[in-house]
Amino acid sequence: MANTYPAMAIDVRTGRSKLGNLTGGLSGPAIKPITLTAGLEARKAVKIPVIGLGGVETAEDVLDYICVGASAVQVGTASFADPRASEAIIEGLGALVRTVKCNTYQRIKG
Ligand SMILES: Cc1cc2nc3c(=O)[nH]c(=O)nc-3n(C[C@H](O)[C@H](O)[C@H](O)COP(=O)(O)O)c2cc1C
């Protein structure tokens with residue numbers, strides 16, 4: 001949960017879409033608040049594990065998704081900017097978890 005959201009970008013000089021197709025999919029940090037909400041709704045609606053993705057760039061983003069009930073997260077757009085983004089996120093996660101005084105997955109999730 002979830003994929004991209006339908007979106008457009010217009011070149012005002014030509015009045016045409018900036019995208020190869022007329023519309024495209026919005027991803028990255030802009031969609032995280034929307035997708036967090038969708039993730040929460042999904043978690044309440046199903047009994048199977050929910051994987052959260054949408055705008056995950058930092059360790060804080062990972063905990064956001066875990067807090068709404070995700071069992072795991074994925075990193076999409078951030079990996080295009082930096083193929084090692086996931087490694088940096090994992091490195092930051094250990095320190096962040098100590099800061100928030102949640103040292104087990106279940107406590108964070110709770
Ligand atoms: C360039 C690009 C290609 C994508 N291709 C697919 C795809 O083939 N199948 C799919 O299910 N999602 C695809 N997605 C959606 C991502 O898997 C992901 O759900 C979405 O981008 C939100 O995560 P993010 O904000 O971390 O990128 C693509 C996203 C991008 C940016």
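It should be emphasised that the depicted structure is a prediction, and the values quoted were computed from it without experimental measurement. All ligand and atom numbering here is 1-based and tracks the order in the structure.
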Any side-chain heavy-atom pair from [X] and [Y] closer than 4.5 angstrom?
| X | Y | answer |
| --- | --- | --- |
| I51 | V73 | no |
| L22 | M8 | yes |
| L53 | M1 | no |

**Message:** Under the salt bridge (charged side-chain N to carboxylate O under 4.0 Å, His left out) definition, can you give me all pairs with a residue in residues 2-16, not counting sequence neighbours?
**Reply:** none

**Asked** With sequence neighbours excluded, what pairs up with E91 under the side chain to side chain contact (heavy atoms under 4.5 Å, CB included) test?
**Response** none

**Request:** Supply the members, apart from Y5, of the Ile/Leu/Val/Met/Phe/Trp/Tyr cluster built from side-chain contacts under 4.5 Å; use none for a lone residue.
**Result:** L26, I31, I34

**Complete:** Close residues (non-hydrogen atom under 4.0 angstrom from ligand 1) work out to A2, N3, T4, S27, G28, I31, L53, G54, G55, G76, T77, F80

